[in-house]
Number of protein chains: 2
Amino acid sequence: MVIAEPEPEPAAEGALARSQAARRRRVLDATLQLAAEGGFDAVQMRDVAAAADVALGTVYRYFASKERLLLEAMAEQQADLRAYLDVHPPREATPVARVVSVLRGANRSLREYPDVTAAMVRSFGTAQIENADIVRRVTEIMTGIITSAIHAPERRPATEREVRVARILMQVWLSSLNGWVCGVDGPDRVDEDLAAAAGLLLSPRNDC
Amino acid sequence: MVIAEPEPEPAAEGALARSQAARRRRVLDATLQLAAEGGFDAVQMRDVAAAADVALGTVYRYFASKERLLLEAMAEQQADLRAYLDVHPPREATPVARVVSVLRGANRSLREYPDVTAAMVRSFGTAQIENADIVRRVTEIMTGIITSAIHAPERRPATEREVRVARILMQVWLSSLNGWVCGVDGPDRVDEDLAAAAGLLLSPRNDC
DNA sequence: ACAAAAAAAGGAACGTGTTCCAATTCCGCC
DNA sequence: GGCGGAATTGGAACACGTTCCTTTTTTTGT
């Protein structure tokens with residue numbers, strides 16, 4: 001993994017790919033911008049196109065639907081979180097503490113832009129089959145984040161039990177976020193749910 | 001042509017309330033019918049109105065939005081399940097077995113009408129603040145179903161731990177259904193997730 | 001530097017959820 | 001039995017996601 005001059009492979013392709021990447025980025029940024037200002041309803045495709053300085057048809061060339069657009073933004077956000085955590089892993093001593101710490105931090109970020117979170121969670125909740133791939137990607141990233149937090153500094157592969165626990169926590173996380181964004185529970189409830197679940201699933205006395 | 005004696009109280013009000021109740025029912029039935037045939041997208045408000053033999057504006061008088069319509073149908077469905085289980089409680093010996101049994105049964109029903117389930121779960125996943133009340137009602141019914149299954153024949157009130165476990169299982173259930181209806185996982189995965197979670201949360205060795 | 005191909009622009013048009021309104025029908029009550 | 005108000009009807013109209021088409025611009029290969 002040299003910091004190669006000639007772009008290894010995935011980037012490649014001269015001007016076209018560059019301008020396309022830039023366009024894609026502008027569209028995603030416009031999406032986040034609009035979502036931050038007015039949530040899901042403010043992310044109107046015509047406005048996204050205008051804000052990204054791109055034609056409406058172009059938005060659709062890059063993202064097949066509004067749902068997809070928001071889901072890709074969500075996937076990117078989660079991937080960023082994962083990357084950050086790879087560099088700054090939780091330092092707590094126990095799995096429970098690490099998981100709770102990581103998820104509290106994530107939720108703190110999500111709460112700073114509640115409308116963005118709401119838009120993403122809502123897209124997640126309506127996802128159709130044609131977006132199964134990104135939904136899977138998002139859930140895998142979230143599960144991975146939790147798995148890493150569970151068996152933090154250790155380099156061994158996750159046990160099957162850990163993977164199952166991580167999946168449950170991911171599901172609790174998503175459900176709880178859904179409860180928050182649709183106004184059933186306050187934002188603190190997300191942390192509480194996760195702490196409770198982590199406690200029940202990861203407490204030392206439950207380790208086999 | 002009164003058939004009923006003097007209706008006790010909740011029904012009350014003569015012809016008006018009766019015809020309104022009938023209208024509401026027709027709308028809900030039309031919704032389920034259309035959902036069964038073509039899922040969420042087939043539940044088009046104009047079609048619902050036509051199938052229920054009612055004007056479009058009338059549908060909106062009874063249900064503020066398509067989302068609300070489907071959520072009320074979902075609440076009713078869950079309430080029915082709950083009522084059924086009150087009469088036919090699970091007979092298994094352990095909490096885990098009872099919970100698994102109840103949820104498997106519920107999922108079996110849901111799988112018979114996958115498009116209906118998909119429409120409902122999808123509405124649930126997009127719920128907005130104005131529908132927080134039904135979303136809460138649905139989650140409470142689902143949690144209640146699970147709580148009852150956990151401490152089945154016993155008549156004591158649920159312990160705090162049981163309530164927390166039930167909530168987690170409810171969240172896993174919802175997330176897993178979401179994964180199924182958006183094509184990320186097969187329908188069996190719902191049962192597997194719930195069995196795994198119930199096992200981890202309710203196994204005897206975890207009882208305190 | 002030019003021709004062919006690909007991408008983007010610009011904008012019209014369609015479908016469906018939702019809103020609104022005028023006209024009509026129905027209900028409860030005097 | 002008729003009156004006042006509420007409920008219902010029927011349908012027009014609007015908003016926004018999505019599709020489609022034509023024209024223009026950009027990119028690539030020679």
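Lettering of chains follows the sequences in order, A, B, ..., and the numbering in each one begins at 1.
Distance B:L71 CG to C:dG17 P: 15 Å, rounded to the nearest Å. In this structure, the CG atom of B:N131 is 14 Å from the C1' atom of C:dG17, given to the nearest Å. Summarising the geometry, the separation between CZ on B:R26 and C1' on D:dA7 is reported as 13 Å, rounded to the nearest angstrom.
Near DNA chain C, meaning a heavy atom under 4.0 Å from it, residues 35-56 of chain A has A:R46, A:D53, A:V54, A:A55 in order of number. If you check residues 60-68 of chain A against DNA chain C, the residues with a heavy atom closer than 4.0 Å are A:R61, A:Y62, listed by number.
More than 12 heavy atoms of other residues, nucleotides or ligands lie within 6.0 Å of OH in A:Y62, so this atom counts as buried by the packing criterion. Other residues, nucleotides and ligands contribute at most 12 non-hydrogen atoms within 6.0 Å of the CZ atom of A:R108.
Looking only at distances, no side-chain donor or acceptor of B:S123 sits under 3.5 Å from a matching main-chain atom of B:L71.
A salt bridge links B:R68 with B:E72; the closest basic N to acidic carboxylate O contact falls under 4.0 Å. A salt bridge is absent between B:D53 and B:R26; no separation between the charged side-chain nitrogens and carboxylate oxygens falls under 4.0 Å. Classification of A:R25 and A:D29 as a salt-bridged pair holds, one side-chain N sitting under 4.0 Å from a carboxylate O. Taking 4.0 Å as the cut-off between side-chain N and carboxylate O, A:R104 and A:D188 do not count as a salt-bridged pair. Electrostatic pairing of B:D115 and B:R122 does not count as a salt bridge here, judged by no charged N lying under 4.0 Å from a carboxylate O.
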Shorter than 3.5 Å, N or O on both sides, protein versus nucleotides 22-26 of chain C: list them out with atom names.
none

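Considering only side-chain N and O atoms, B:T58 lies nowhere under 4.0 angstrom from the phosphate OP1 or OP2 of D:dT8.
Taking the ring axis of B:F40 as reference, the NZ or CZ atom of B:K66 stays within 45° of it and closer than 6.0 Å to the ring centre.
Side chain to side chain, B:N107 and B:W180 fail the donor-acceptor criterion of an N or O pair below 3.5 Å.
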